[in-house]
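See structure below.
What you are looking at is a predicted structure, and each value in this text was computed from that prediction instead of being measured. Convention: sequence-line order gives letters A, B, ...; per-chain numbering from 1.
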Amino acid sequence: MKPVRTRFAPSPTGFMHVGNFRTGLFAWLVARHYGGTFILRLEDTDKKREVEGSDEHIMKCFEVLGLAWDEGIKVGGPYAPYRQSERLESYIDWARILVDAGRAYADPYTPEEVEAFREEAQAAKKPFLYREHRPENPPKWKPGMPLRFKSDPKNYEWHDAVMGDLHAGPEVIDDFILIKSDGFPTYNFAHIIDDHEMQVSHVIRGQEFIASTPNYLNLYEALDFERPVLAAMPHILKADGKKKMGKRDGAKDVLDYFRDGFLPEAMVNFISSLGWNDGTEQEIFTKQELIEKFSLERVQRSGARFDEDRLHWMNGVWIRSLNVDELYARSRNFWPKSADAYDDAYKTRVLGLLQERLKYFAEIPALSAFFFEDLPVDLELVDKNKQLKKYSRDELKSLLTTAQASLEQSDFSAADLTERLNALLDQTGQKPGVLFSIIRIATTWSPSSPGLADTLAVLGKDISLRRLQASLEAL
RNA sequence: GGCCCCGUCGUCUAGUGGUCCAGGACGUCAGGUUCUCAUCCUGAAGAUCAGGGGUUCGACUCCCCUCGGGGUCACCA
């Protein structure tokens, strides 16, 4: 078997969304699975659509999710350069070979004339086929003129690693443009030359290319290139597709998720689960497991919707699986301004309490606010509380006073706090629903918080007692 | 419009002729875990396998038709 070499070859036309990225991830997985090579190539042959900075963006997506490329832009490799705009001579060379073999010719028409042909076909409700207007004596081609492939229409059957056996008739094969008048090759031509020169073994791309595959097959023959393994990836659809699951993808920028504090492990796990599974009931996969178990044959043929709820759940699973120190190291950029005054040890303890209720890091400020600053007294928390609203302010105050007396004696270790809180239950004859609720509210003024004893232990004696006193005065 | 691809719980999916009156996960709902939120545990609802015809002793699985969705028909990728 030939060495496995896969590539991801995006065009630098904007940010990368989850759908694009998954294609790259799968190509990466195939390479790693077979101990092969993963190439990151840039298809920048359309200068008009190019968006500055997208190459950096693309690379960052891979870097941030921990997917290294062995050859490609920035890192180089034996088949450099890996930007198509820097490989122009190569395309011209192959174009000349095709011209000399009588398999390519100059397109003598103006864009307007071609457009007229197209409209004609449209009016007749027929698909447009340039070859029906193939000129009899085309001028000799030279750079600056559009060059077309002289196709040889025929039936094709081919195997797609994902879609299975596919076929198409000669009616879909046409004389497409090889080299544009600006001297740049089209994707249709350039990717075939590059894949051949770079020894790419698996061409993994979106299923929108299925329709043009017969043309590529025809070109492979004209060039006498070996066919690579072909794999068409189904699309990822919008989550809120409702009835009109129309528009494809619509997914967010991959980096947006990273900015919101989703873990690379979870992103890779989740994206790979969109359209792939290993046939067992396993849901959580490490990158290593993915590498071992992945196969194109098990990729789904139908499109998948991007369900953020499921991503949230999965990210939570990964957050809970990390130890706190590791988690803290990764969460550094997500703490609120008010946390600046506190040291790493304190924030790590806070994070320890947040860990099991965090879905992604961007939630940290909202969930941890009361650990860093006194929240305003909000009497509604008391008045709207199902248990507390049955009691008068004086009764509640009396409970707090009793608690205050006991807590003043505490060393504020979680163990001692737990013991005292339990003793307070006996002493006041109250249910936890009442006693703990009022203490929790009086020390956090937050609608929710981690367990009372743990929260007080992290808050510490000074802050806890000070807030208790302030609340006593405010009630 | 031509050609091509797809169609199992709301969502991601298991399923390759019988072990499926269809299994798992997310989500939802209910209950439990000394307060809240979350975690964790238990349970429930949820898919006439898009519909209709065949083939077969037997079909989610094979064939045909219909419907629905998507892709493509660029000097874009």
Side-chain angles (χ1 to χ4, degrees), chain A residues 9-11 13 43-46 48-49 107 111 114-115 118 121-122 124-130 145-148 160 163-164 166-169 171-172 174 176-182 184-188 190-191 205-214 232 234-235 237 239 241-248 270 273-284 300-314 316 320 353-359 367 381 385 387-388 418 421-422 425 431-441 444 446-452:
Chain A
S11 57
T13 51
E43 314 237 305
D44 57 343
T45 56
D46 185 354
K48 295 182 293 294
R49 294 208 314 155
D107 179 346
V114 177
E115 184 54 31
R118 199 190 321 283
Q122 209 157 34
K125 296 207 167 198
K126 281 168 56 186
F128 170 62
L129 241 28
Y130 181 94
M145 300 168 77
L147 183 72
R148 281 187 186 266
D160 184 284
M163 296 297 174
L166 302 177
H167 62 88
E171 69 279 1
V172 302
D174 197 15
F176 58 91
I177 297 274
L178 262 15
I179 306 280
K180 297 180 277 183
S181 56
D182 64 3
F184 281 79
T186 57
Y187 163 84
N188 298 325
H191 88 274
R205 82 239 288 191
Q207 67 174 180
E208 65 271 26
F209 291 103
I210 290 179
S212 42
T213 297
H235 290 307
L237 314 164
K242 291 283 165 54
K243 300 163 192 162
K244 297 236 181 207
M245 44 157 110
K247 312 282 174 57
R248 69 175 235 232
F270 180 72
S273 80
L274 254 28
W276 176 85
N277 71 82
D278 74 341
T280 71
E281 288 178 354
Q282 184 172 350
E283 308 280 345
I284 303 299
Q300 209 78 252
R301 287 176 175 72
S302 55
R305 273 184 205 69
F306 190 91
D307 180 6
E308 283 205 341
D309 278 341
R310 197 172 151 80
L311 205 215
H312 288 173
W313 162 75
M314 197 171 273
R320 274 170 254 130
L353 298 187
L354 258 36
Q355 187 168 15
E356 70 184 26
R357 56 211 91 207
L358 219 47
K359 296 279 186 245
L367 291 177
L381 290 177
N385 185 293
Q387 304 277 344
L388 301 183
T418 302
L421 254 14
N422 283 338
L425 246 25
K431 291 190 206 160
V434 175
L435 213 220
F436 292 179
S437 288
I438 187 60
I439 299 176
R440 200 181 61 71
I441 289 171
T444 66
S446 194
S448 70
S449 75
L452 221 209

Side-chain contact check for A:I210: nearest option of B:C4, B:G24, B:U13 is B:C4
Review point. B:C40 phosphate, OP1 or OP2: any side-chain N/O from A:R320 under 4.0 angstrom?
Key: yes
If pairing means Watson-Crick or G-U wobble with both distances under 3.5 Å, then the partner of B:U11 is B:A25
**Asked** With a non-hydrogen cut-off below 4.0 angstrom, is A:A168 in contact with a base, only sugar-phosphate, or nothing?
**Response** nothing
* Asked: Between B:C67 and B:G15, how far is it from one P atom to the other, in whole Å?
  -> 30 Å
A:Q207 atom CD is separated from B:C5 atom P, nearest whole Å, by 11 Å
As its Watson-Crick or G-U partner within any shown strand, both distances under 3.5 Å, B:U61 has none
| With a non-hydrogen cut-off below 4.0 angstrom, is A:G451 in contact with a base, only sugar-phosphate, or nothing? | base
- Message: In whole Å, measure the gap between the C1' atoms of B:C21 and B:G46 for me.
- Response: 15 Å
* Would you mind classifying the nucleic acid contact of A:H312 as base, sugar-phosphate or nothing, using non-hydrogen atoms under 4.0 angstrom? => nothing
Note to self: Could you check whether any side-chain heavy atom of A:T213 comes within less than 4.5 Å of a side-chain heavy atom of A:L166, counting everything from C-beta outward?
What the structure shows: no
Of B:C6, B:A38, B:G24, the nucleotide closest to the side chain of A:M163 is B:C6
Using a 4.0 Å heavy-atom cut-off, does A:S273 contact any base of the nucleic acid, only the sugar-phosphate backbone, or nothing at all? sugar-phosphate
field: Sugar-phosphate only, base, or nothing, as touched by A:E283 at under 4.0 Å among non-hydrogen atoms
entry: base
Check whether any side-chain N or O of A:N277 sits under 4.0 Å from OP1 or OP2 of B:A14, and answer yes or no.
yes
Rounded to the nearest 0.5 Å, the CZ atom of A:F436 sits from the CG atom of A:N422 at a distance of 5.5 Å
Output for pair (A:I441 CD1, A:S448 OG), nearest 0.5 Å, gives 11.0 Å
In whole angstroms, the gap separating C1' of B:G71 from CG of A:L237 amounts to 12 Å
Counting just side-chain N and O atoms, does A:Q300 come under 4.0 Å of either OP1 or OP2 of B:A14?
yes
Q: Take A:V434 and A:L388 through the side chain to side chain contact (heavy atoms under 4.5 Å, CB included) test and state the conclusion after the steps.
A: CA-CA 6 Å; A:V434 175; A:L388 301 183; 4.0 Å; yes
Comparing A:W276 with A:V434, nearest RNA chain B nucleotide closer to 5' gives the residue A:W276
Taking B:C6, B:A14, B:G71 as options, the one with an atom nearest any side-chain atom of A:S302 is B:C6
Does A:S11 reach the side chain of A:D46, with side-chain heavy atoms less than 4.5 Å apart?
-> no
- Would you call the rings of A:Y187 and A:H191 parallel, tilted or perpendicular, where under 30° means parallel and over 60° means perpendicular? parallel
**Asked** Between B:G43 and B:A14, how far is it from one C1' atom to the other, in whole Å?
**Response** 23 Å
TODO: Could you measure between the two P atoms, the one in B:A50 and the one in B:A59, and give it in whole Å?
DONE: 15 Å
inquiry  = For the C1' atoms, the ones on B:A25 and on B:U8, what distance do you get once it is rounded to whole angstrom?
reply    = 15 Å
By the Watson-Crick or G-U definition, both distances under 3.5 Å, B:A77 is matched with none
Show your reasoning for whether salt bridge (Lys or Arg N to Asp or Glu O under 4.0 Å) applies to A:E171 and A:K126. CA-CA 11 Å; A:E171 69 279 1; A:K126 281 168 56 186; over 6 Å; no
All heavy atoms of A:F128 vs all of A:V114, minimum pair found to be CZ-CG1, 4.1 Å
When both distances are under 3.5 Å in a Watson-Crick or G-U wobble arrangement, the nucleotide paired with B:C35 is none
Checking N1-N3 plus N6-O4 or O6-N4 for Watson-Crick, or N1-O2 and O6-N3 for wobble, each under 3.5 Å, the partner of B:A30 is B:U42
Under a 3.5 Å limit on both distances, the Watson-Crick or wobble mate of B:G68 is B:C6
Rounded to whole Å, the CD-C1' distance (A:Q282 to B:U13) equals 14 Å
### Message
Contact between A:E208 and A:H235 at the side-chain level, heavy atoms closer than 4.5 Å - yes or no?
### Response
yes
What are the atom names and distances for every N/O pair under 3.5 Å that joins the protein to nucleotides 75-77 of chain B?
from  : atom 1 : to     : atom 2 : distance (Å)
B:C75 : OP2    : A:R148 : NH2    : 3.1
B:C75 : O2     : A:S181 : N      : 2.7
B:C75 : O2     : A:S181 : OG     : 2.8
B:C75 : N3     : A:S181 : OG     : 3.2
B:C76 : OP2    : A:K180 : NZ     : 3.1
B:C76 : O2'    : A:D46  : OD2    : 3.0
B:C76 : O2'    : A:R49  : NE     : 3.0
B:C76 : O2'    : A:R49  : NH2    : 3.2
B:A77 : OP1    : A:T45  : OG1    : 2.7
B:A77 : OP1    : A:K180 : NZ     : 3.0
B:A77 : OP2    : A:Y187 : N      : 2.9
B:A77 : O3'    : A:E43  : OE1    : 3.3
B:A77 : O2'    : A:S11  : OG     : 3.3

Problem set entry | Check: A:R440 side chain, B:C35 base, donor-acceptor under 3.5 Å | yes
What nucleic acid atoms does A:L452 come within less than 4.0 Å of, heavy atoms only: base, sugar-phosphate, or nothing? base
A correct 5'-to-3' footprint of nucleotides 27-34 of chain B, with B, S and - meaning base, sugar-phosphate only and no protein heavy atom under 4.0 Å, is S------B
Exercise for the section: Mark yes or no for a side-chain to base donor-acceptor pair under 3.5 Å between A:R357 and B:C37, with no hydrogen or angle criteria applied. Expected result: yes
A:L274 atom CG is separated from B:U13 atom P, nearest whole Å, by 6 Å
Is there a donor-acceptor pair closer than 3.5 Å between any side-chain N or O of A:N385 and the backbone N or O of A:Q387? yes
Between CZ of A:R301 and C1' of B:C4 the distance, given in whole Å, is 14 Å
Please report the distance separating the C1' of B:G2 from the corresponding atom of B:A45, rounded so that it comes out in whole Å.
46 Å
message: When the C1' atoms of B:C35 and B:C49 are compared, how many Å lie between them, rounded to an integer?
response: 46 Å
Would you list the protein and nucleotides 59-61 of chain B atom pairs, both N or O, that sit under 3.5 Å from each other?
none

_C1' spacing across the pair B:G1 / B:G52, given as an integer number of angstrom_ = 26 Å
